[in-house]
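This structure is a prediction, so every number in the text was calculated from the model and none was measured. Reckoned from all heavy atoms, side chains included, excluding hydrogens, waters and symmetry mates. Starting from 1, each residue takes its place in the sequence as its number.
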Amino acid sequence: MGVQEFIIFIIIAYFAACGAVWYRDRRKVRAFQEALRENHGVKTPKKLDESRKKWVSGFWRHFREPRMLDETTWNDLNMDQIFPTVNHTYSAAGEEYLHFLLHNTAQNEEELAHFEELIQFWEKHTPERVLLQTRLWQLGYSGGQSVADCIENLDLLRDFHVRRDLLIDALYLPAILLTAVSGQGFLLLLCVMIAQILLYFRQKSQIQPFMSSFAYFAKLLAFVDRLDKIKNPEPALAQEMDLLKEAAHTLRPMMRGSFLLKDGSLGGGTPVDGLMDYLRMCTHADILQFYRMLRYVYRSQDKLWALAEGVGCLDASAAVCAYRHTLEGWCVPAIGEVFSMENGRYPLIREPVGNSITGEKSVLLTGSNASGKSTFLRTVAVNAAFAQTIHTCLCDSWTAPLYRIFSSLSLKDDVLNGDSYYMVEIKTMKRILDSAASPGRPVLCFLDEVLRGTNTPERISASSQILRWLSEQNCLCFAATHDLELVDILGRDYAHYHFTESFEEGDVRFTYQLKPGRSESRNAIRLLEMMGYPEEITTAAHRLCNEILMEKRG
C-alpha cells in the first residue's frame, strides 16, 4: 500500500468512525424519546446518599431563607427518601432546582399558579415535553460539583493568572522557524511541547472542576438556543423563555471559543475530541480560554444564576408533571382560610390508608403505640409542604392557607455538642415558638411527644402550657401524645382525635383510621407479651398499671 492509499484509508476510517458515533447517538436519542412518549413518569429513582446530597443541595444552600422549610423539618418528614420519588429531572440544573423547590414553602399564590401553568403545558403538549426532556437529557450533568457551587466557587480563582502559559506558547514560533532551517530547532520544539504538557496536567488538576463548569455553562446556552423549536408557548412558558434568552444574550460573548473547554466526557467521546485533547495539552488553549471567560463572568455572575435557575425551573416543572403520572391519586391544592384535607396519604407507604380532617382548631392526637399517630403527622406535613412547593397533594382535596411549616418529630441526642435529648428538644421547640410569636403567615407545626426527655410531672405541666400558648398564637398545631392527662387539661383549646387497634387471636390489628375523641386503649404491655417477654414481668406490669389507674381515679 502506497502513501496516498494509506492517507485515503485513514481519512475513510476517520469519517466512518464519526458516522458510527453519530448513528449510535442518534439511535440512543430515538430510544429515549420513545420511552418518554410511552412511559411518562417511569424513571428509576436515584438514592440520595451523602455524596449526592451535598451537591444536589447546591441551590438550596445558596437561595435558602428563614421562611422556607428548614433542615430539622426536612429530616423529620423523611424528605431525603421522598425526593428521589419526585425526581424525574434529566439535568444537574433541574435536579438542584427541584431539591431547592421542595424546600421553598415561601412561595406566594402567583408563583404557585405560574408553576402550575408550566406543568399543565407539558401535560397537554407531549411533543414539546419530549423535545424539552430530550434536550435536558443531552445537557446532562456538570461533573464533580453542583451547578450552584460552579458559580459560587469562581471567586476562589480571582488570583489565577496565565502569564507563564502565554510565555511558553510564544516560544513555539521561534522553535518552528528554527526547525525549518536546522535539526536543533526540532529539539527546542520538543522541549517546549514537553514543558507545556507537564505544566498542563499540574494546572488542569487544579482548575478542572471549574473548566467543566464553563463547559456546562456553554451547554446551557446551547440548550436555550434550541428552545425556539417549542412553538406557541403559553404565557408562563413564554415568560421563562424570555428570561432565559435575556440571560443568554448577555452571556453569549463570554462563551465564544468555549468549544476549547470540552473534553471527551462532555463532548461525547468522538475522534475529534481525541485530537483536540492533544492540541489542548500542547498549547493550553483550554486554560487560556478559561481565563478569558473567568474575567468576563465576574461581571455577569447574576446572569449565570438566572440561566441555571431558568433551565432548572423548566426541568423541575416537567419532572412534577411526570411525578403526577406515578401517583394513584392526587389533587391540585386550593388556598383557603380553613384547613381541610380529604383522604390524605403519605408518599413512602406502598398501600397507604387515607385520612381526612377539617377544622380551624389545633389538633391533639392520642392512641397506643404504632397505631399511626406519627405517620398521620407526617402525612399532613408532607402534603402541606407539597401544596406550597410542587403544587401537588397526595389526597382527594386540599384547602389551606399558606403556612410557615415547622416540626419536632424525630430528635436525637447531640453528642458532639454535648446536648442531651431534652436540650435538643427545647432548642428545637424554641424556633417554633419564636416563629409563632413573629408576624407573617400563620405557623403550621407538628409535635410528637412534647418534652419526652424529662420526668412525667414536669413534662405534663410544661407541655400543656406550651401547647396552649401555641393554640393562642397565629398557629395551627398538630401534636401527638401518650399523656392522656393533656386531653383533660387542653379540653377546650384543642380538637381531639385518636387512633386505636384491636387484638384478634393473639395478634394486634391496626386500622390506621383517624377517629374523633380521646383514646382509651393501651397496648404497651400487651405488645411485650406478644414479643415473648417473661410472664412474671408482664403479669406484674399489668397489676401495677391497674393499681396506678385505680389510684388516679380515686
Using a strict threshold of under 4.0 Å (side-chain N to carboxylate O), is an ion pair present between Asp70 and Arg64?
no
Would you call Arg135-Asp225 a salt bridge at under 4.0 Å N-O?
no
Can you tell whether the side chains of Lys53 and Asp80 come within less than 4.0 Å, N to carboxylate O?
yes
Mark yes or no for whether His125, through its side chain, and Phe121, through its backbone, hold a donor-acceptor pair below 3.5 Å.
yes
Where do Ser464 and Leu486 come nearest, in terms of heavy atoms and distance?
CB-CD2, 3.5 Å
Search all heavy atoms of Cys445 against all heavy atoms of Cys475 and return the closest pair with its distance.
SG-SG, 3.7 Å
Is any side-chain heavy atom of Leu139 less than 4.5 Å from a side-chain heavy atom of Tyr216?
yes
Would you list the pairs meeting salt bridge (Lys or Arg N to Asp or Glu O under 4.0 Å) in which at least one residue belongs to residues 238-249, sequence neighbours left out?
Asp228-Lys245, Glu246-Lys303
Are any side-chain N or O atoms of Gln473 and backbone N or O atoms of Ala437, one a donor and one an acceptor, separated by less than 3.5 Å?
no
Using a strict threshold of under 4.0 Å (side-chain N to carboxylate O), is an ion pair present between Asp483 and Arg459?
yes
Can a side-chain donor-acceptor contact be found between Arg378 and Ser410 if the only test is distance below 3.5 angstrom?
yes
Just by distance, do the side chain of Lys361 and the backbone of Arg492 share a donor-acceptor pair under 3.5 Å?
yes
Take Thr366 and Ser519 through the test side-chain hydrogen bond (donor to acceptor under 3.5 Å, both in side chains) and record every step on the way to the result.
CA-CA 5 Å; Thr366 52; Ser519 171; 4.8 Å; no
What pairs of residues pass the salt bridge (Lys or Arg N to Asp or Glu O under 4.0 Å) test when at least one of them lies in residues 110-125, not counting sequence neighbours?
Glu116-Arg324
Please assess Ser374 against Asp448 for the test side-chain hydrogen bond (donor to acceptor under 3.5 Å, both in side chains), listing each intermediate value before the final yes or no.
CA-CA 7 Å; Ser374 298; Asp448 196 0; 2.7 Å; yes
Mark yes or no for whether Asn75, through its side chain, and Glu71, through its backbone, hold a donor-acceptor pair below 3.5 Å.
yes
No-hydrogen, no-angle side-chain donor-acceptor test under 3.5 Å, Asp315 and Thr89:
no
Full working for side-chain hydrogen bond (donor to acceptor under 3.5 Å, both in side chains) between Glu152 and Trp305:
CA-CA 10 Å; Glu152 288 181 333; Trp305 281 114; over 6 Å; no
Are any side-chain N or O atoms of Ser471 and backbone N or O atoms of Trp469, one a donor and one an acceptor, separated by less than 3.5 Å?
no
Taking the side chain as everything from C-beta on, heavy atoms only, tell me whether Leu102 gets closer than 4.5 Å to Leu69.
no
Residue that, paired with Tyr346, satisfies side-chain hydrogen bond (donor to acceptor under 3.5 Å, both in side chains) out of Asn78, Asn383, Thr375, Asn355
Asn78
Between His99 and Trp74, is the ring-ring contact (aromatic ring centres under 6.0 Å, His included) condition met? List the steps.
CA-CA 11 Å; His99 187 270; Trp74 177 274; 4.9 Å; yes
Tell me whether His249 at atom NE2 has more than 12 heavy atoms from other residues, nucleotides or ligands lying less than 6.0 Å away.
no
Donor + acceptor pair across side chains of Thr105, Gln388 (<3.5 Å):
no
Ring centers of His325, Trp330 separated by less than 6.0 Å:
no
Salt bridge (Lys or Arg N to Asp or Glu O under 4.0 Å): which pairs involve residues 389-400, sequence neighbours left out?
Arg345-Asp396
Between Trp398 and Ser340, a side-chain donor and acceptor under 3.5 Å
no
Going by the side-chain contact (heavy atoms from CB on, under 4.5 Å) test, name the single residue among Leu77, Thr73, Ile405 that passes it with Phe446.
Ile405
